[in-house]
2 protein chains.
Amino acid sequence: MAQFFGVLGDANRWRILSALAVQDLRVSELADLVGMSDSAVSHQLRVLKGQHLVRYRREGRYRVYTLKDHHILTLYREVSEHLDEDL
Amino acid sequence: MAQFFGVLGDANRWRILSALAVQDLRVSELADLVGMSDSAVSHQLRVLKGQHLVRYRREGRYRVYTLKDHHILTLYREVSEHLDEDL
DNA sequence: TTAACATTTGAACACTTGTTCATGTATTAA
DNA sequence: TTAATACATGAACAAGTGTTCAAATGTTAA
């Protein structure tokens, strides 16, 4: 449980998830979008995969990553509301 | 957002929140319940307070901590379900 | 088959985080 | 007022985390 939340406790990982919420993407595309190196993105995708938050399919020589569980968006909205109360 | 999730990314903080979900507690009681030092609990309560997850009221020379936002329990349940899918 | 491309992997490093320990502050009982 | 209690705080340290860089792997185009 704590481990799962911990994975969501990083801004770059949220950037990756947000990008994937819009559309499936290759690693290099993700890297460009979120402004990280390919390698850093790859490392983080591994972490996200570890919590079954993303998965990939192979397309030619690319790996196209996709959001595995859209529940995460619900989670995002709920926490947003919680945080709005903090003003 | 990431910061909020990061705060939930620690097992000891969840232990504290879980204990407070049952009943309001003083720092020393919390420390006993979760098996941490008073000081460690105090440090973590500060972190939780920073995200408006707990608050306290003074009672005599004690501080009685209480869950400030029970939404957190909903969050817990939702993530539990997500994690159950990972089998 | 070979070269180029896309991504992963592992080691190294700086940075962050959580705990302990010693000390400080606030509150009440004596 | 003083001593004791309850808790907070800050510094210090170990352990954990995220990034970079170099090298390895897998895939396709030439």
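All chains are named by letter (A, B, ...) in the order of the sequence lines, taking the proteins before the strands, and each is independently numbered beginning at 1. These numbers come from the heavy atoms of this one structure, side chains and all, not from hydrogens, waters or symmetry mates.
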Between [N] ([atom2]) and [X] ([atom1]): distance, integer Å:
X: B/N12; N: D/dG16; atom1: CG; atom2: C1'; result: 14 Å
X: A/I16; N: D/dG18; atom1: CD1; atom2: P; result: 11 Å
X: B/L48; N: C/dG18; atom1: CG; atom2: P; result: 10 Å

- Task: Between A/E59 and A/V47, name the one whose nearest nucleotide on DNA chain D is closer to the 5' end.
- Result: A/V47

Taking only N/O atoms, report every protein-nucleotides 4-8 of chain C pair under 3.5 Å with atom names and distance.
unit_1	atom_1	unit_2	atom_2	d
C/dT7	OP1	A/V27	N	3.1
C/dT7	OP2	A/S28	N	3.0
C/dT7	OP2	A/S28	OG	3.0
C/dT8	OP1	A/R63	NH1	3.2
C/dT8	OP1	A/Y65	OH	2.4
C/dT8	OP2	A/S42	OG	2.5
C/dT8	O5'	A/S42	OG	3.1

- Message: Can you tell me how far apart CD (A/Q51) and CD1 (A/I72) are? Round to the nearest 0.5 Å.
- Response: 9.5 Å

Minimum heavy-atom distance between [X] and [Y], given as atom pair plus value:
X: B/F4; Y: B/L53; value: CE1-CD2, 3.9 Å
X: A/A11; Y: B/A2; value: N-CB, 3.5 Å
X: A/V41; Y: A/L30; value: CG1-CB, 4.0 Å

- Looking only at side-chain N and O atoms, does A/Q44 come under 4.0 Å of OP1 or OP2 in D/dT19? yes

- Aromatic plane relationship, A/Y65 with A/Y56 - under 30° parallel, 30 to 60° tilted, over 60° perpendicular: tilted

- Message: Between A/R13 (side chain only) and A/L48 (backbone N and O only), is there a donor and an acceptor less than 3.5 Å apart?
- Response: no

